[in-house]
Amino acid sequence: MNVEHYQAKTIESKWQEIWDKSDIYSFDSETKSDKRFYSLVMFPYPSGNLHMGHMRVYTISDVISRHKRMLGYQVLNPMGFDAFGLPAENAAIENNTHPAVWTETNIAYMRDQQLKRMGTSYDWSREVVSCRADYYKWTQFIFLKLYEKGLAYQKEAPVNWCPDCNTVLANEQVEDGMCWRHGQTPVNKRMMKQWFLRITDYAEELLQDLNKLEHWPESVKTMQRNWIGKSVGAEIDFPLCGAVRVEGSKAITVYTTRPDTIYGVTYMVLAPEHKLVQELTTDENKEAIKAYIKDASSKTEIERTAEGQKKTGCFTGAYCTNPYTGEKIPVWIADYALVDYGTGAVMAVPAHDERDWEFAQEFGLEIKEVIQSEAVVGEGSKAQGGENEDDTALQPYSPRAMTGPGVIINSNEFNGLDNEAAKSKIVEHGLKSGFARSTIKYRLRDWLISRQRYWGCPIPLAQTEDGELVQIPYESLPVELPTEIDFSAAKAMGGSVLENSPDWFNITLANGRKAKRITDTLDTFICSSWYFMRYPDALNTDKPFDKSKVFPVDQYVGGVEHAILHLLYARFFTKALRDCDMLDFDEPFVRLLSQGMVVKYSEKDGKITKMSKSKGNVVGTNDFFDEFGADAARLFILFAAPVDAEVEWVEEGAQGQYRFINRVWRLFKNYASVFENRENYDFADFAKLTKDNQDLVRALHSALKAITEDLDPNRNGFNTSVARMTEFVNAAYKYFNAHDQESLTAEDSAVLATLFRQFILLISPFTPHLAEELWHKYILHSDEPDLVNSVHRQSWPVFEPSYLEQNTFNLVLQIKGKKVDVVEVSKELSKEQLEGFALANDKLQKRLQGLEIKKIIVIPNKLVNVVAV
RNA sequence: GCCGGUGUGGCGGAAUUGGUAGACGCAACAGACUUAAAAUCUGUUGGGAUUUUUUCCCGUGCCAGUUCAAGUCUGGCCACCGGUACCA
C-alpha cells in the first residue's frame, strides 16, 4: 500500500477507540417525544462472524441514525444479540463447550471486532442479550402475563417436527415443507401436546392494522395479509344418516366459501384426523380406513404434495344428508382435507372445484353442475350483458371444474340467480332453518412456542404430581437454566437435555407440594418479539420496561426474510402487551425498510447467489477493512444498488469507493492552506464571485439539495447520494486543475474553505471516520480528539436555493417531439419570445424546409416543440 | 395455479411531476507524469451508417394504443426474481 494513500485502518481504528470511550452516541431517555427518534436494526444471531451481507443493514440504519442526529434529534440507536438458539447448542454438542461460553465469545467478537469496526453509532450501554438471565427473566415475566391473560395454552395437536432440530416448529418456520433452518430437511407431522400462543385471537386486528402502516413496504403487508388469510364463508351442518349413530354429534359441520354450490355437493370429505372418523366408519370399512390413516400420517408434507394432483382417499361407509336437498351423501376421508383448517370437513362439489373434480375423477364419483358459465349462456356474443367480464368469460366450457362466475342452475328456488348473489341467499335460508351460519376463517394458526431444546428461555411453569399447572411466582424469576449439563449425552438422546437434570426440574412449591418444571423452552422468536421494548428502558430492574418510557420504533431496518415471522410476532406481542396494560400503543414499527440481499458469484453453484457459507461466496468484513477501510465498504454497499434491490459484491467496485475516499483526502491536502487561520467560514456576496467560484458553490449546493432530498425517509436514495458526492468532488478537481493552491485569491480561499467544510458535514453520515479525521485536521486544527466539537455533533448543512438559481436554462428545440438542438437562453424570455427564438434557429429552420407548421408547443423553462408535417 | 416485483450500454445502475435517455461508478481504451511499472491527473466509451473534428438513422423486454411529446401512462404478450400453495 502506497504511503501517500489514506491510511484507512489506522485512522478508522483511532476514531473507533475514541468514540467508544465517549458517550457521543448515547441516548437521553428524558428527551421529549417530538425530539427523539428511535432507529433500529434487527438484532443479529451471534453466529460468530458477520459478512458484507450483514453489513448492509447496519450501514443503512447507521446513515439514517447519523443523519437524524444532525437534524437535531436525540437518536436512540441501540444494538443487541438474539442469543438463544440451536447453533450454540449444536456447537456445544460438537466440541463440548457450554452454549453460554460459545455465545458470549461470539458476541464479544462481533461487537468489538466487527460491528464497532463498521463505524456504527450504537448506544452500547443499552445492549440487550436475550440469553442472559437479566433479560430472559423478563421474557418469563411477559410469558406469565400472557398466560394469566389466557393467551398461552397447551394442547394436543398435529405439529411440525424437524428431525434435524430435534424439536417442533411453528407454521411460520416451515418453508415449502422444509425446516427454515435446514432447507433440505422435510418436516413431518406428529401429534404432540405443545404450548401455543393465541395469535389467532388477534387475526382480525393484525389484518386491519396493516392499513395503518402507511410507511411499510406494500410487499411485506401483502405477505402478511396472505399469511393471515381471511376468508368469508359459511358453516353448514350435514346430519348423519340413520345407519350410523354417533352420540352427541349428529351432524358433520363443513366450512365453505362457496355456499352457492350447495346443490352440487355429491360427497363429503373428512380429514383423516377428523374426530368423527372412528365413530362413523362402518365395520366393513374399518380395515381400509385404518390403513389409509396410517399411510397418510406417515407421509411428510412434501410426500403428500409431491404426488401432484393425484388424489387419494377412502370411503367410510357412512352417509350424511344435504340439508338443502335431502340427498344422501357418501362420506369419505382424504388427506387433501386438512384437519386444522375450517372444520376439518369439506363438502365436495366436483363440478365447481378443481380438487374435488380430481378426486371425483379418481374415484368415479358423481359430478353435478349447479352453475352455468356465462360463456355457455352468451354463445360467444360480446354484447352479452353489462358485466365487466369480457372475452375471458367467453371461453368454451372446460372439461374440468368450472370455478368462474355464472348463473345458478339445478338448485330449486335459487335457479337463475347470479352465483355471487346466491351465496348470501342460500346462507340466509340455512340460517332460518338452523343448519347454516355465515362464518369468517383465517389461515393463520396459533403460534407453537415450545421447543424440546436446552438453549432457550425456560417456561416459568411447573406441573404438580396430580397434573395441575402452576406458575413460578414472579419474585422467583428468573427460572435459570441449569449450567451443569452433559452435552455429550445430549447428542444421543435428542431433544431437551433438561430432562437429564432432575435436580433442576424437580421442585417443591411454597405449599410443600412436589412439582416438575416444564422442560421445554421457548421459541427464540419470543425473545425477539419484545427486545425493542427493552432498549428504551434497558436497565430497569423492576419490570421488563416502564410503560411511560417505551415508544414505537420510528425506523426499523431489516431483511424481508422476516416479513412474516418476526414482524408478525412482534406486532402480535405489541397488541397483547397493550391488553396486559404494559404498553399504550398498537403497532411497534412506524416505518419499515426492507433492504435487499448482498449477493456474489458462487463457484460452487456457478451463479450469483446470496452470501452464505455453504455457497462459499462469503466476503468477510475485516480483511477488506484492513486494506481499504469500513468507509469504503459502506460507500460501495450504499452506492451499488437502490436499498431494496440486490447488491452484487464486486471487489473492484468497492475499491473504486476507496479511490473516491483518496480523491477527497488528496483534495483537502492539496488545498490545506485555505483552512489556515480561518475563524469564520463564509464568503462574500455570491453574485460578485468569479464564474469558477460560482460554479463550485453551485456544485456543492446542488449536491446538498439532492442529498437532502435523497435522505428523505420516503425516498432513501443512498445510491444517488453517493453519486452526488462524487459529482462534487469531480467538480472540485476540475476547479483544482484550473486553480492550484499557489494561485488562489483571498476570495477563492474563502469559497473553498466554506464549501469544503460543508462537504465534510455532507459526507459524515456515510463515511464517519473520514469525516471526523478531516474535521479535526482541517476545521478544528486539533491533534487531540475534541468530541465536544465532533463532526458527528454538527448540524446538517442547509442548502441555499438562491445559489442554484440561474438566469439561463437549456432550451430544447424539438420537431414533432424529436430533439433537434439545445440552446442556452435567458429565463426572462416570454413564451412568444421563446417561440420566436426557436423558429430563428438554423438547425430547426433547415429541418423545417418543405414542412408545414401545424402547431407550436412552448413549455417555459423546458422546450419548444414544433409540430410540422 | 394465485399474489407481488423487475426488465435501460460490456457490467451495477441514474432519469423525483410524461419534456435533452444513459448521471455516478466498474471494466476497457488513450494521453500526461515516470528510466519503467504501479499510483495519480486528464480524456474517450449505447449501436449503426457516413462525405469521419460532419451529418443522419436506430435505441429503455415484445406488440399495440393515448399524447405535440412515452423508459415514465393504458391494454395485451414474453422473460426473470420473490412470496405462497390441496386453506374448501
Side-chain angles (χ1 to χ4, degrees), chain A residues 1-2 4-5 175-177 217-223 225-227 229 231 233 254-258 261 269 301 304-305 307-309 311 334-338 340-349 353-356 358-359 441-445 560-561 563-564 596-597 635-636 639-642 644-648 650-657 659-660 662-663 666 706 709-710 712 714-715 717 719-727 729-730 733-734 736-737 810-822 846 854-859 861-868:
Chain A
M1 183 69 46
N2 193 318
E4 292 294 303
H5 284 195
E175 295 170 353
D176 285 329
E218 210 50 54
S219 58
V220 173
K221 288 191 276 186
T222 304
M223 282 160 76
R225 278 190 195 103
N226 292 342
W227 189 260
S231 80
V254 300
Y255 172 71
T256 181
T257 55
R258 294 299 304 273
T261 61
V269 183
E301 203 86 348
R304 264 171 64 161
T305 48
E307 284 158 29
Q309 306 295 14
K311 294 276 182 288
D335 63 6
Y336 82 88
L338 308 173
D340 48 1
Y341 183 75
T343 59
V346 178
M347 61 175 226
V349 186
D353 182 280
E354 290 287 349
R355 297 148 303 183
D356 298 344
E358 282 150 15
F359 191 84
K441 295 280 181 204
Y442 300 90
R443 208 187 78 121
L444 181 72
R445 312 291 157 79
V560 259
E561 65 272 20
I564 297 170
M597 293 184 292
L635 282 179
F636 178 72
F639 176 69
D644 51 358
E646 278 179 1
V647 161
E648 186 189 349
V650 180
E651 187 80 13
E652 290 80 6
Q655 287 174 20
Q657 295 304 326
R659 204 171 298 150
F660 167 76
N662 272 289
R663 268 166 79 78
R666 229 174 280 121
E709 287 166 4
D710 279 346
D712 182 282
N714 290 318
R715 189 162 158 79
N719 55 333
T720 44
S721 293
V722 177
R724 299 291 92 85
M725 289 170 205
T726 315
E727 277 172 336
V729 172
N730 290 346
Y733 267 87
K734 199 174 158 192
F736 178 71
N737 285 309
N810 288 332
L811 177 72
V812 177
L813 304 180
Q814 297 181 327
I815 293 176
K816 283 196 76 182
K818 276 191 178 178
K819 184 176 71 172
V820 173
D821 203 2
V822 182
K846 210 166 131 195
K854 294 275 186 198
K855 199 169 164 189
I856 299 179
I857 287 155
V858 181
I859 310 289
N861 288 334
K862 282 253 163 68
L863 55 81
V864 175
N865 186 12
V866 180
V867 187

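The sequence lines fix the lettering, A, B, ..., with proteins before strands; numbering per chain opens at 1.
- Taking the O4'-C1'-N9-C4 or O4'-C1'-N1-C2 dihedral as appropriate, rU8(B) has a value more than 90° from 0 and is therefore anti.
- Of the P atoms belonging to rA15(B) and rC24(B), the separation is 13 Å, rounded to the nearest Å.
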*Let me have a per-nucleotide readout for nucleotides 6-18 of chain B, 5' to 3', with B, S or -, counting only protein heavy atoms under 4.0 Å.*
------BSSSB--
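- Spacing between rG48(B) and rG59(B) at atom P, rounded to whole Å, works out to 15 Å.
- Among the nucleotides rA85(B), rC68(B), rU20(B), the one closest to any side-chain atom of Trp227(A) is rA85(B).
- OP1 and OP2 of rG25(B) both lie 4.0 Å or more from every side-chain N or O belonging to Arg663(A).
- Comparing the same atom, C1', in rU40(B) and in rU50(B) gives a spacing of 39 Å after rounding to whole Å.
- Between the side chains of Ser231(A) and Tyr442(A), no donor-acceptor pair of N or O atoms lies under 3.5 Å.
- Pairs of Watson-Crick or G-U wobble type, with distances under 3.5 Å, assemble into runs of 3 or more in RNA chain B at these ranges: B:1-7 with B:78-84, B:10-12 with B:24-26, B:28-32 with B:40-44, B:46-49 with B:55-58, B:61-65 with B:73-77.
- Here the nucleotide nearest the side chain of Ile857(A), chosen from rC68(B), rU20(B), rG83(B), is rC68(B).
- For Thr222(A) and Gly653(A), each mapped to the nucleotide of RNA chain B holding its nearest heavy atom, the one lying further toward the 5' end belongs to Thr222(A).
- Distance Lys221(A) NZ to rU84(B) C1': 19 Å, rounded to the nearest Å.
- Closest approach to the Asp353(A) side chain among rA23(B), rC26(B), rA88(B) is made by rA88(B) (side chain taken as heavy atoms from C-beta onward).
- Comparing the same atom, P, in rA70(B) and in rU20(B) gives a spacing of 11 Å after rounding to whole Å.
- Comparing Asn737(A) and Thr726(A) by the nucleotide of RNA chain B whose heavy atom lies nearest to each, the residue mapping closer to the 5' end is Thr726(A).
- Atom-to-atom, CG of Leu338(A) to P of rA85(B) comes out at 11 Å; the value is rounded to the nearest Å.
- In the set rG4(B), rU20(B), rU40(B), rU40(B) carries the atom at the smallest distance from any side-chain atom of Arg659(A).
- Across all strands shown, Val867(A) has heavy atoms under 4.0 Å from sugar-phosphate atoms exclusively, and none from any base.
- rG47(B) and rU34(B) have their C1' atoms separated by 38 Å, given to the nearest Å.
- To the nearest whole angstrom, the two P atoms, one in rC11(B) and one in rA27(B), are 15 Å apart.
- Distance check on atom P: rG25(B) versus rU84(B) gives 40 Å, rounded to whole Å.
- For Val822(A), taking side-chain heavy atoms from C-beta onward, the closest of the listed nucleotides rU20(B), rG83(B), rA88(B) is rU20(B).
- No donor-acceptor contact under 3.5 angstrom links the side chains of Asn226(A) and Arg443(A), judged on distance only.
- Here the separation of rA32(B) from rU51(B), taken at their C1' atoms, is 34 Å to the nearest Å.
- Side-chain proximity of Ala723(A) to rU42(B), rA23(B), rG25(B): nearest is rA23(B).
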